[in-house]
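These notes concern the structure reproduced below.
Note that ligands are numbered from 1 as they come in the structure, with each ligand's atoms numbered from 1 the same way. Remember, predicted model here, so these are calculated numbers, not experimental data. Note that the numbering runs from 1 along the sequence shown for the chain.
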Amino acid sequence: MTVIRSQIIGCGAYLPERILTNDELARMVDTSDEWIAARTGIRRRHIVVDGETTADLALRAATRALADARVTAQEIDLVIVATTTPNETFPSVATAVQSRIGMTRGAAFDVQAVCSGFIYGLAVADSFIRTKQAETILLVGAETMSRLMDWTDRTTCVLFGDGAGALVIRAGEGGGDLSDRGVFNTKLYSDGRLHDLLYVDGGPSTTGMTGHLRMLGKEVFKHAVINIAESIEASASASGIAISDIDWFVPHQANQRILDATARRLKVAPQRFISTIEDHGNTSAASVPLALDVAVRDGRIKRGDLILLEAMGGGLTWGAALLRW
Ligand code: UT7
């Protein structure tokens with residue numbers, strides 16, 4: 001049986017040049033490199049400078065992904081940007097990317113699911129491709145989380161960073177079995193009752209201001225390991241594969257301890273969880289495509305590998321996606 005598969009034909013990423021180290025943060029708030037590294041695994045993160053925006057980062061990652069895929073802007077039917085830190089309340093970052101890559105047709109919109117945004121965006125892209133509404137899609141995760149930080153709150157400002165990652169996804173034919181290249185399934189979840197665990201205390205319809213990120217870290221941590229492990233298991237079983245068959249796990253990069261605990265829970269060697277947390281921190285919707293790009297460039301992820309992407313974030317939202325690279 002012939003089926004349509006959403007196949008990844010190129011990837012790219014971009015990190016702002018400015019690096020903020022733990023030692024610099026220790027001069028701003030009551031913290032230390034030792035505490036941050038031991039509790040999170042983070043050593044440094046990239047942050048934007050004045051005038052540098054989410055759309056700037058998205059554009060650079062998108063341009064690299066298009067070059068990697070050898071696809072021109074005019075071949076793209078749809079731009080989806082997963083972000084929670086848009087340049088403006090409207091229009092979307094996706095329309096900015098659309099115009100800046102020189103694309104004069106098709107459609108563009110943002111997806112907002114905070115740190116799970118890239119998984120949500122991939123689910124949308126996969127649906128558009130399988131329902132033949134689009135053939136070639138540019139999917140970007142881009143964030144300037146540094147703009148949402150309360151730089152006097154040590155419980156949050158040490159965790160986040162800025163960056164962007166992008167994929168070019170194209171409709172391809174498969175035989176309908178697990179030897180196909182492309183996305184096999186995506187699993188999305190949310191529980192809006194858990195709003196208070198992770199949110200921004202502002203917005204156009206409340207304070208009229210952007211606001212700052214607020215998090216009950218310990219509570220989020222408890223939900224993270226359980227929810228992520230369950231969504232990975234749901235995604236694997238939906239396609240009838242064993243967890244041990246998965247070559248690489250590309251997780252949202254919130255905390256090294258979450259990655260290690262998830263690996264332990266699933267009885268997977270921690271080395272199979274791609275980690276960029278030390279250098280990137282938590283870049284929200286950008287973290288999964290940034291980690292993917294690193295592992296593709298350094299040769300760990302190869303054509304034909306079975307890959308599991310997962311994330312969890314504000315909402316709470318979480319999810320997973322299974323694909324063959
Ligand atoms: O991307 C969205 C999903 N986000 C997550 O998944 C984040 C999940 N949560 C976490 O990663 C962890 O809970 C944190 C890294 C946020 C915090 O680690 P923790 O081990 O849960 O620490 P804690 O909140 O229990 O705090 C322990 C102590 C507290 O002091 P007392 O009350 O024991 O005296 C905090 O005040 O550490 C203190 N603390 C700090 N100390 C130095 C909190 N932040 C800092 C800091 N530096 N930056």
- [ ] Could you tell me whether atom 29 (C) of ligand 1 has at least one protein heavy atom nearer than 4.0 Å?
- [x] no
Open item on the list: If the cut-off is 4.0 Å to any non-hydrogen atom of Arg257, which atoms of ligand 1 fall inside it?
Closed with: 18 (O), 20 (O)
- [ ] Before accepting this row, confirm whether a basic side-chain N of the pair Asp126/Arg5 lies closer than 4.0 Å to the acidic partner's carboxylate O.
- [x] no
Open item on the list: Strictly inside 4.0 angstrom of atom 33 (O) of ligand 1, do you find any protein heavy atom?
Closed with: no
Open item on the list: With heavy-atom distances below 4.0 Å as the criterion, list the atoms of ligand 1 near Cys115.
Closed with: 1 (O), 2 (C)
Task: atom 38 (C) of ligand 1 - nearest protein heavy atom and its distance - done: Arg154 NH2, 3.6 Å
- [ ] Of the side chain and backbone of Asn255, name the one, both, or neither that has a heavy atom under 4.0 Å from an atom of ligand 1.
- [x] side chain
Open item on the list: What I want to find out is whether Arg170 reaches Glu75 closely enough, with some N-O distance under 4.0 Å, to be called a salt bridge.
Closed with: yes
Open item on the list: Under 4.0 Å between a side-chain nitrogen and a carboxylate oxygen: does that hold for Arg105 and Asp77?
Closed with: yes
Open item on the list: Assess whether a salt bridge exists between Arg60 and Asp56, defined as any Lys/Arg side-chain N lying under 4.0 Å from an Asp/Glu carboxylate O.
Closed with: no
Task: Exercise check, heavy-atom protein proximity under 4.0 Å to atom 24 (O) of ligand 1 - done: no
Open item on the list: Looking at Glu219 and Lys222, is any side-chain nitrogen of the basic one under 4.0 Å from a carboxylate oxygen of the acidic one?
Closed with: yes
Open item on the list: According to a hydrophobic-cluster definition based on side-chain heavy atoms being under 4.5 Å apart (Ile, Leu, Val, Met, Phe, Trp, Tyr only), do Ile274 and Val296 belong together?
Closed with: yes
Open item on the list: One residue to check: Trp35. Relative to ligand 1, which of side chain, backbone, both or neither has a non-hydrogen atom less than 4.0 Å away?
Closed with: side chain
Task: side-chain hydrogen bond (donor to acceptor under 3.5 Å, both in side chains) between Asn22 and Arg45, intermediate numbers included - done: CA-CA 8 Å; Asn22 289 351; Arg45 71 288 292 143; 2.9 Å; yes
Task: Qualifying residue for side chain to side chain donor-acceptor pair (under 3.5 Å) with Arg43, from Asp279, Asp33, Asp23 - done: Asp33
Open item on the list: Is the contact between Ile258 and ligand 1 made by the side chain, the backbone, both, or neither, using heavy atoms and a 4.0 Å cut-off?
Closed with: side chain
Task: Under-4.0 Å protein heavy-atom contact, atom 20 (O) of ligand 1 - done: yes
Open item on the list: Below a 4.0 angstrom heavy-atom separation, can you tell me which part of Met312, side chain or backbone, both or neither, approaches ligand 1?
Closed with: backbone
Open item on the list: Determine whether any protein heavy atom is located less than 4.0 Å from atom 11 (O) of ligand 1.
Closed with: yes
Task: Sub-4.0 Å heavy-atom approach of Leu198 to ligand 1 - done: yes
- [ ] Report the part of Val114 (side chain from C-beta onward, or backbone N, CA, C, O) that has a heavy atom under 4.0 Å from ligand 1; answer both or neither where that applies.
- [x] neither
